[in-house]
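Heads up: the structure comes next, in C-alpha cells.
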Amino acid sequence: MRILVTDGMDKKALAQLREMGHEVVEQFYEPDQLGAALRDFDAVVVRSKTKVRAAQIDEAAKGRLKLIIRGGVGVDNIDVGHAADCEIAVRNTPLASSESVAELALAHMLSCARYISHAGYTMRSGLWEKKSYGKGFELNGKTLGIIGYGRIGATLGRIAKAIGMKIMAYGVHHEPGTVARDGVPYVSLDELLEKSDFISVHAPFAESPIVNAESIAKMKDGVVIINTSRGGNVDEDALLAALESGKVRAAGLDVWASEPTSNSALYSHPHVSCTPHIGAATVEAQARIGQEIVEIIKEYSK
Ligand code: NAD
C-alpha cells in the first residue's frame with residue numbers, strides 16, 4: 001500500500017509498516033492541497049491537526065484512497081459520513097490512550113486543588129506567593145462526577161477511587177439508578193451536577209456544550225471542572241464568567257473550542273490549569289496507537 005502520514009507517527013510502527021513492504025510518505029499538506037495529494041495514496045494516517053473534510057474527500061475519491069486512519073479517539077476532524085458515501089473507510093485507535101488521558105485529567109484535578117499551574121508560573125516570574133496558595137484542598141473524600149463513563153471516564157474512575165474519591169457517573173447510554181461494571185453508580189445529569197465537588201467531562205464531541213451557563217448554575221458553589229474531551233463540550237464564555245464570579249473555583253483544560261486557542265482571558269486566568277491538547281501525548285500511548293495502526297493496515301492489505 002502507499003500510505004501518507006500527515007501528523008507524525010510512532011517511529012517503531014513506521015519502521016514496521018516499511019518492513020511489511022508498504023511505501024510510507026511522511027508529509028503534512030495544507031487543506032487546499034491535501035485532497036489532490038490523497039489521490040495517489042491507498043491510506044492516510046492523521047492525528048488531530050489534519051482535517052479531512054468533504055472537499056478533501058471528494059478530491060481523494062477521484063483517485064485510489066480507500067482508508068483514513070485517525071491515530072487517536074475522536075474522529076471529529078474527519079467527515080465520516082461523506083467518506084462512507086465515497087466508499088472510503090474511516091478507522092480510529094480507540095484503545096490506546098485511555099490511561100494517558102485519564103492521568104492528565106487527574107493531573108489537572110491536582111493542579112486545580114493545589115494551584116500548581118499558576119504557582120509554577122509565578123515562581124518562574126521571580127515571585128514567592130506562598131500566601132496566595134494557602135487554601136488548597138485534598139481530593140481524598142471529595143465527590144468526582146464523571147460525564148461520559150466510557151474507556152477514559154472509567155479509567156479515571158478507577159484511579160480516582162484509589163486516592164479516596166467518591167465517584168458518580170452520567171452517560172447518555174446509561175440509565176440512572178443502575179451501576180457500572182466497577183460498581184460506580186449512574187445518576188441523572190442533574191444529580192451529578194448538584195452533588196459533585198469535581199466534574200470531569202469524557203464524552204465525545206457533543207453538538208452543543210454539555211457544560212454551559214445552565215448546567216453550571218446547577219453545580220455546587222466552588223466546583224472544579226476538568227475537560228480533556230473536546231473543547232466544544234464546554235461553553236468557554238460561560239466557564240470564564242463562572243470563574244470570575246467564583247461559582248467555579250478552578251478549571252483544568254486540555255482541549256479548547258478552537259485550537260490553537262486564542263482565548264487568553266481563559267487560559268491565563270489564575271484559576272485555570274491549562275495544557276495544549278496533550279492528553280494522548282505520552283510515549284506509551286503513541287506506541288500503542290502505532291501498533292493499532294499497524295494492525296489496521298494489516299487488515300486492509302490482506
Ligand atoms: P468512549 O466512547 O469510550 O466513551 C464515551 C462515553 O460517553 C460513552 O460511555 C458514551 O455513552 C458517553 N456519551 C456519549 N455522548 C454523551 C453525552 N452527550 N453526554 C454524556 N455522555 C455521553 O470514548 P473515550 O475513549 O473514553 O473518549 C472520551 C473523549 O475523550 C472523547 O471526546 C475523545 O475525543 C476524547 N479524547 C481526548 C484526548 C486528548 O488528547 N485530550 C485523547 C483521546 C480521547
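Since the model is a prediction, treat every value here as computed from it, not as a measurement. Atoms within a ligand are numbered from 1 in the order they appear, just like the ligands themselves.
- Scanning the protein for heavy atoms near atom 31 (C) of ligand 1, the closest one is A203 O, 3.7 Å.
- Some N or O of D254 is nearer than 3.5 Å to an N or O of ligand 1, by distance alone.
- Checked by atom type, the side-chain pair S229/H202 shows no donor-acceptor distance below 3.5 Å.
- Ring geometry for Y115 versus Y133: interplanar angle of 30 to 60°, hence tilted.
- Residues forming a side-chain hydrogen bond (donor to acceptor under 3.5 Å, both in side chains) with D10 (at least two apart in sequence, or on another chain): none.
- For a threshold of 3.5 Å applied to N or O pairs, the pair formed by N233 and ligand 1 contains no separation below that value.
- Here the heavy atom of the protein found nearest to atom 14 (C) of ligand 1 is P204 CD, 3.2 Å.
- Contacts between V172 and ligand 1, counted as non-hydrogen atom pairs separated by less than 4.0 Å, involve both the backbone and the side chain.
- The closest protein non-hydrogen atom to atom 2 (O) of ligand 1 is R151 NH2, 3.5 Å.
- Only side-chain heavy atoms of S97 come within less than 4.0 Å of ligand 1; its backbone N, CA, C and O stay farther off.
- Within the structure, the ring pair (Phe, Tyr, Trp, His ring centres under 6.0 Å) test picks out the following pairs touching residues 253-283 (sequence neighbours left out): H269-H271.
- Here I152 has heavy atoms under 4.0 Å from ligand 1 in both its backbone and its side chain.
- Within 6.0 Å of the CD atom in E138, the count of heavy atoms belonging to other residues, nucleotides or ligands does not exceed 12.
- Given atom 35 (C) of ligand 1, the protein heavy atom at minimum distance is S229 O, 3.6 Å.
- Geometric assessment of K49 against the ring of F28 yields a positive cation-pi assignment under the 6.0 Å and 45° thresholds.
- Protein heavy atom in closest approach to atom 10 (C) of ligand 1: H173 ND1, 3.6 Å.
- Annotation: cation-pi pair R230/F205 absent, no NZ/CZ under 6.0 Å from the ring centroid and within 45° of its normal.
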